[in-house]
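Fair warning: this is a prediction, and the values are worked out from it, not measured in the lab. Within every chain, numbering begins at 1; the chains are lettered A, B, ... in the order of the sequence lines, protein sequences first and strands thereafter.
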Amino acid sequence: MEDAFRPSTDLDDPPNSRLFLVTSKSITEEIIREQFATFGEIQDVWVVKDKQTKESKGVSFVKFAKSSEACAAMEEMHGKCLVEGTKPIKVFIAQARSSGSHRDVEDEELTRIFVMIPKTFTEDDLKDTFKTYGDIEYCIVVKNKSTGESKGLGYVRYHKPSHAATAIENCDKTYRAILAEPRNKTPAPDNEYFSAPRTDHVMGDQGMNPYPQFADSGNYTRGDLRGTDIITRCLMVSTRASITQEQVYSLFDLVPGLDYCEMQQDSYGFSTGNAMIRYNNLGSAVYAKNKLDGFEYPPGNRLVVAHIDDGEDRRSPLGRMAMQLVAAQMMSIVCNPGAAQLRKTSTGYPSPAVPQMPRVQTDVALPPLQKLAPSDSRVKERLFVVFKPVPLPMDVLEDVFCRFGSLIEVFLVPGRNVGYMKYAERKSADDAMASLHGQTINGIKMKVMLADPPKEESHKRQRTY
DNA sequence: CGACGGGACGC
DNA sequence: CGACGGGACGC
């Protein structure tokens, strides 16, 4: 039946999560389990044995849940003696079963990642972004040879496979980090680059504005925003400083009734400096706007807060009543800072210790989360989704649309209020459509329809979508 | 040198 | 009404 979609556990999924061990024949599965357990979630240990004699062939496979776990185990355990008196073991990342190759996988192939980055990114930006996952040997931004402008692509070489794997696993998905294909096989591992003296420690955080698109956008003033007189539960927060969604959340959660906060991201996944806030009542929104518009957070950075049209509530008299009620609650908090459980965050700004807010709020009865289908799955069906008034964030969409199974990817059309959901199984798409069409998620209304086939430009091969 | 088993979906 | 993203390194 063609390539039936397998949620199977066997494959080398994720890639490079399986180890190939060469050990003394006396080493058992139990010994291996015991010694490798500290590196992560072991999914399988298999000691290869002779079919007749049942004796170990001195070869084993250890499957971890994550590549970073397998890599860390390899780095730590290679050359160790698992049992006193036995020969030191060899540990490699196993070749994918499908590859058929038995060549050793070299660190060279496991330490360099390839990423998509904003065209404004310098190599230092790249380094600053990815050094949190491990020691970087070097960074390269791919540039146009003649003009020198960035192509929005970069390479990061780490010293250790586990660092590259951790970066791929944990960096923002919009970087689309993958292992870089090894460059033309030049078997000259001449890595004697100790050239430039370290200039690593960056002085302050002020030196670099990660959002250059805001460098010259400071001349809109608060008076001339159209619609400042509308009253809604939704607010738009604009900031020129790089503050996180968590910080915005903590700040606006000082006003009771916050039920949604999301920093908007551009198509690269970088903060746009705008966050959408929604309260469960008009009064809280009005109060938060009045208190926080123009508030300096962090000191020196004036936030701009304005109501935005959420398509429902408008200048309701109820809003003013609710506002007064909430104002009374606020007074007690403002006058008793101790009651607000202020603490220092990692950034040093005071913020309340608040429980995590559920990311998705809706009346729809959602099935449990399901794993995404592998990104190289065949697309069997696509949904076309229209949002009103603005698109939901990618992570929310993934959270919601994955619950019907086999979701491969969410794609939002840049600059429009529409997007596509790709599924590996038709039934998943159908189920999602049946459950979600016409529904409201986080205050955003959605139409969910089958997508028309993409405009066909030629009679050639089918696009990969 | 040192490379690929076992088990059996679920309405 | 509201429609279609995307990737490779001067050695």
Within this structure, what is the [atom1]-to-[atom2] distance between [X] and [N], rounded to whole angstrom?
| X | N | atom1 | atom2 | answer |
| --- | --- | --- | --- | --- |
| A:R97 | B:dG5 | CZ | C1' | 7 Å |
| A:I32 | B:dC4 | CD1 | P | 16 Å |
| A:L179 | C:dC9 | CG | P | 18 Å |
| A:L450 | C:dC4 | CG | P | 18 Å |
| A:H437 | C:dG2 | NE2 | P | 15 Å |
| A:D44 | B:dG6 | CG | C1' | 9 Å |
| A:E29 | B:dG5 | CD | C1' | 11 Å |
| A:K57 | B:dC1 | NZ | C1' | 14 Å |

Once you apply a heavy-atom cut-off of 4.0 Å, does [X] come out as touching a base, just sugar-phosphate, or nothing?
| X | answer |
| --- | --- |
| A:L21 | nothing |
| A:D452 | base |
| A:V386 | base |
| A:I140 | nothing |
| A:E409 | base |
| A:K87 | sugar-phosphate |

* Can we say A:E425 and A:K380 salt-bridge, meaning some charged N sits less than 4.0 Å from an Asp/Glu carboxylate O? ->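 Here A:E425 does not pair with A:K380 in a salt bridge, since their nearest N and O are not under 4.0 Å apart.
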Heavy-atom donor-acceptor pair, [X] side chain to [Y] backbone, under 3.5 Å:
| X | Y | answer |
| --- | --- | --- |
| A:S428 | A:G405 | yes |
| A:T362 | A:T440 | yes |
| A:Q361 | A:I441 | no |

* Could you check if the base of B:dC9 is syn or anti? Syn means the glycosidic torsion is within 90 degrees of 0. =>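 B:dC9: syn.
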* To do: Taking the side chain as every heavy atom from C-beta outward, state whether A:T23 and A:I31 have any atom pair closer than 4.5 Å.
  => no
* Asked: OP1 or OP2 of C:dA3 sitting under 4.0 Å from any side-chain N/O of A:R416?
  -> yes
* Are OP1 or OP2 of C:dC11 and a side-chain N or O of A:R183 less than 4.0 angstrom apart? ->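 For A:R183, the contact criterion (side-chain N or O under 4.0 Å from OP1 or OP2 of C:dC11) is met.
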* Is there any side-chain hydrogen bond (donor to acceptor under 3.5 Å, both in side chains) pair reaching into residues 390-403 of chain A, and which pairs are they, with sequence neighbours excluded? -> A:K173-A:E398, A:R359-A:D395, A:R359-A:D399, A:D399-A:R403
For the side chain of [X], counting heavy atoms from C-beta on, which of [options] is nearest?
| X | options | answer |
| --- | --- | --- |
| A:A94 | B:dA3, C:dC9, C:dC4 | B:dA3 |
| A:F114 | B:dG2, C:dG7, B:dC4 | C:dG7 |
| A:H102 | B:dG2, B:dA3, C:dA3 | B:dA3 |
| A:R382 | C:dC4, B:dG2, B:dA3 | C:dC4 |
| A:K90 | C:dC4, B:dC4, B:dC1 | B:dC1 |
| A:E181 | C:dG2, C:dA8, B:dC4 | C:dA8 |

* Asked: Is the ring centre of A:Y158 less than 6.0 Å from the ring centre of A:Y133?
  ->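 Between A:Y158 and A:Y133, the centre distance exceeds or equals 6.0 Å.
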[N] base to [X] side chain: any donor-acceptor pair below 3.5 Å?
| X | N | value |
| --- | --- | --- |
| A:R112 | C:dC9 | yes |
| A:R18 | B:dC4 | yes |
| A:K49 | B:dG5 | no |

* Going by ring centres under 5.5 Å and near-parallel planes (under 30°), is A:F20 stacked on B:dG2? -> no
* With centres under 5.5 Å and planes under 30°, do A:W46 and B:dG5 count as stacked? -> yes
